[in-house]
Amino acid sequence: MVGNGSGGRRPRSGGALGAAIARARTAPPPAQPVFSPLRALGRRQLSQVDLIGQSLSTIAPATGMIYIAAWMISARPGLVGLAAIIGTTAVVVAVAFCVTQFTRRLAAAGSLYSFAFHGLPRRATLTVGAALLLGYLGISISVLANSAVSLLGIAAALDVPASGAGLMTATAAVVACVVAVIAVRGVRFATRAILVVEICSLALICILMVAGPQTTGTPTTPASPSTLPVLALIVVLSMAGFESAAFFGAEARRPLTTVSRAVLVTPVVCGAVFVFAAWAALTGRADAVVAAYFDGTASGVGLPMVLAVKIGVTCSWLACTLGCAQAGSRLLLAMGVEGTVPRRLSRVHPRLRTPYVAVATFLLAALTGAWLHIRYFVGDSTAYDGFVEVALVIAYTLLAVSCLRFLRRIGEDSRATTAVAAGMAAAGTGLLGYLVVDGVATGQWALPAAVLVIGGSGTIWAAALKRTRPQSLTTMGAFDSVETADLLPGSAALVLDDDGRPQLVTADATPGYGP
């Protein structure tokens with residue numbers, strides 16, 4: 001037997017670990033344990049599948065396929081339009097790459113808003129928060145109204161009298177109540193329910209486009225220079241919510257890994273199905289599906305196909321409504337924890353671990369907006385959709401700038417991250433600039449006004465907080481942090497700094513802690 005130089009005794013490897021364990025056995029409990037500010041949500045409960053389901057539901061790819069195919073049929077841009085969709089998908093994936101630079105390091109409930117704080121001044125961070133809130137609320141309003149319209153469309157296809165703004169509003173109210181119950185019931189139940197619904201809807205639309213009636217295809221016309229930015233905005237709006245898994249960092253298992261995967265995978269999958277829908281429109285495979293959804297049996301399509309399309313798209317609308325409610329409520333909760341909105345919005349149900357006050361507030365605002373949307377925008381929502389698109393572009397552009405500054409500040413920037421983040425910031429700024437110039441030149445002031453209002457929202461919000469709740473400006477950027485219970489007793493301690501943020505210190509530096 002080969003000796004080990006210690007007289008046959010076992011080597012004393014792990015001496016430091018053994019000492020730490022011995023110290024942990026005798027260390028008294030800390031006098032003031034420190035908890036994560038997002039602890040109430042229930043940590044480490046969502047799997048990778050749950051997170052992907054959340055992001056997919058918020059995008060509602062089945063409905064996006066219908067609208068992109070309809071636009072390709074009406075505008076007839078040909079392969080140029082298909083290339084524009086691929087290019088816009090690549091841009092969204094690049095934005096997702098910027099988002100993952102934060103999700104690999106932080107787990108938060110405020111998503112882009114919480115991340116932006118680590119690379120931007122407070123006023124710019126509040127601008128991201130306002131843009132994100134307006135974006136998600138705007139999407140929720142639209143999908144809630146469209147859910148009601150789609151449900152009544154099913155009734156009309158079955159020759160059941162169902163029309164009128166009042167009935168649409170009542171239907172939207174029923175949908176909002178059902179969504180509220182599911183959202184409060186529990187996050188795991190909600191994410192898995194919407195994943196099943198969305199996958200079934202997506203599969204149904206794809207099958208109908210492949211196996212349904214085929215026409216000769218759509219003739220191509222020269223694409224106007226102003227057409228492609230419009231298509232880019234449509235794709236951006238259709239992909240809005242790809243990052244919604246980042247709202248659940250505090251609730252995810254292995255959040256630094258699983259959230260990042262969901263954020264990257266979702267736009268790739270949705271971009272692929274959108275490209276498929278555009279191809280189907282170019283080859284005439286989407287004509288019957290689009291006609292069935294918008295015109296029903298009046299288009300000449302049979303009743304079974306009309307019902308199949310309308311049911312599939314309606315289920316996608318409902319899943320999107322639930323996904324937006326879950327994401328928007330987490331955003332309000334994060335702001336409530338910081339105090340940038342009323343703190344009552346941070347209340348969490350003690351048993352279900354869901355932000356029930358934020359869910360109710362978000363859905364009440366969405367229902368009020370849906371009532372207005374049904375009255376004024378259900379026929380032509382171009383101006384409304386433009387406002388939501390501007391809000392999302394502003395949020396993504398500022399996030400790219402924050403990514404650039406954040407990585408440089410912590411010394412982890414590289415040529416690749418710098419190129420992607422700077423490129424996305426430049427692309428977003430260029431698109432916003434084009435919208436302003438084009439709106440002024442054509443006399444269409446809705447989009448320039450949206451850029452001005454949303455762009456200045458953070459400055460106004462910061463001024464209001466400085467007068468009413470100045471302390472909230474020092475507690476922004478809350479994220480899930482290590483707790484006292486996560487540490488080996490006696491090895492180190494957590495203390496709160498002057499801004500209430502947890503800081504890790506050695507155990508002997510904390511009075512009353514340690515052997």
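What you see is a predicted model; the values in this text were computed from it and never measured.
- Scanning all heavy atoms of the two residues, the minimum distance from S316 to A60 falls at OG-CB, 3.4 Å.
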| query | So L134 and V388, side chain to side chain contact (heavy atoms under 4.5 Å, CB included) or not? Walk me through it. | reply | CA-CA 7 Å; L134 289 171; V388 177; over 6 Å; no
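- Of all non-hydrogen atoms in I394 and G455, the two that sit nearest each other are CD1-N, 4.1 Å.
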| query | Could you go step by step and tell me if V357 and V348 meet the side chain to side chain contact (heavy atoms under 4.5 Å, CB included) rule? | reply | CA-CA 7 Å; V357 176; V348 175; over 6 Å; no
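- When I52, T191, I194 are each tested for a side chain to side chain contact (heavy atoms under 4.5 Å, CB included) with S57, only one passes: I194.
- Judged by distance alone, with hydrogens and angles left aside, the side-chain atoms of T258 form no donor-acceptor pair with the main-chain N or O of Q48 at under 3.5 Å.
- Counting heavy atoms from C-beta on, the side chains of T127 and L398 come closer than 4.5 Å.
- Note that CG of L465 and CD of E338 are 10.0 Å apart. Values are rounded to the nearest 0.5 Å.
- V420 approaches A94 most closely through the heavy-atom pair CG1-O, 3.7 Å.
- Side chain of D50 to main chain of S47: a donor-acceptor pair is present (N/O by atom type, distance under 3.5 Å, no hydrogens or angles).
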| field | Pair V187-Q326, side chain to side chain contact (heavy atoms under 4.5 Å, CB included): steps then yes or no | value | CA-CA 8 Å; V187 63; Q326 293 217 108; 4.0 Å; yes
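- Under the side chain to side chain contact (heavy atoms under 4.5 Å, CB included) test applied with S244, the options T58, L331, I59 reduce to a single match, T58.
- For R105, the side chain to side chain contact (heavy atoms under 4.5 Å, CB included) criterion is met by Q101, F406, L407, I410, E412, not counting sequence neighbours.
- Between Q471 and T474 there is a side-chain heavy-atom pair separated by less than 4.5 Å.
- Between L126 and I460, the closest side-chain pair of non-hydrogen atoms is not below 4.5 Å.
- A side-chain donor-acceptor contact under 3.5 Å links R343 to the backbone of V337.
- For S238 (side chain) and G64 (main-chain N/O), no donor-acceptor pair under 3.5 Å exists by modelled atom type.
- Within the 4.5 Å cutoff, the side chain of Y293 has heavy atoms near those of the S150 side chain.
- F274 places a side-chain heavy atom less than 4.5 Å from the side chain of M239.
- Atom OG of S114 and atom CE of M335 lie 8.0 Å apart (nearest 0.5 Å).
- A ring-centre distance under 6.0 Å is not found for F102 and F117.
- Between the CG atom in L151 and the CG atom in L318 there is a gap of 5.5 Å [rounded to 0.5 Å].
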| request: Let me see the working for L237 and L233 under side chain to side chain contact (heavy atoms under 4.5 Å, CB included), right down to the final yes or no. | output: CA-CA 6 Å; L237 182 60; L233 285 175; over 6 Å; no
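- Separation of atoms CG (L447) and CD (Q444) is listed at 7.5 Å; rounding is to 0.5 Å.
- T266 contributes no side-chain N or O that, together with a main-chain N or O of V263, makes up a donor-acceptor pair within less than 3.5 Å.
- A donor atom on one side chain and an acceptor atom on the other are not found under 3.5 Å apart for T417 and D413.
- Within 6.0 Å of CZ in R469 there are more than 12 heavy atoms belonging to other residues, nucleotides or ligands.
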Could you pull out every donor-acceptor pair under 3.5 Å between side chains of residues 247-254 and any protein atom, sequence neighbours left out?
unit_1	atom_1	unit_2	atom_2	d
E251	OE1	R330	NH2	3.1
E251	OE2	R330	NE	3.1

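- A donor-acceptor contact shorter than 3.5 Å links the side chain of Q54 to the backbone of G323.
- The minimum heavy-atom distance linking T397 with A425 is given by the pair CG2-O, 3.6 Å.
- Under a 3.5 Å cut-off, the side chain of S402 and the backbone N or O of A116 do form a donor-acceptor pair.
- Using cut-offs of 30° and 60° for the angle between ring planes, the W461 and Y113 rings count as parallel.
- The environment of Y376 atom OH is sparse: at most 12 non-hydrogen atoms of other residues, nucleotides or ligands sit within 6.0 angstrom.
- Distance check: S142 OG to Y384 OH gives 6.0 Å after rounding to the nearest 0.5 Å.
- No side-chain heavy atom of S55 sits under 4.5 Å from any side-chain heavy atom of L51.
- The two residues C324 and F362 come nearest to each other via the heavy atoms O-CE2, 3.6 Å.
- No side-chain heavy atom of I234 sits under 4.5 Å from any side-chain heavy atom of Y67.
- Without hydrogens or angle criteria, R409 side chain to H118 main chain gives a donor-acceptor distance under 3.5 Å.
- Of the possible donor and acceptor atoms, one in the side chain of S74 sits under 3.5 Å from a partner among the backbone N and O of A70.
- Judged purely by atom type and a 3.5 angstrom limit, T429 has no side-chain atom pairing as donor or acceptor with the backbone of A426.
- Pairing each heavy atom of I374 with each of A145, the nearest pair is CG1-CB, 3.9 Å.
- Atom CG of L256 sits about 8.0 Å away from atom CG of L106, to the nearest 0.5 Å.
- In this structure, T314 and N146 have side chains that are not in contact, with every pair of non-hydrogen atoms separated by 4.5 Å or more.
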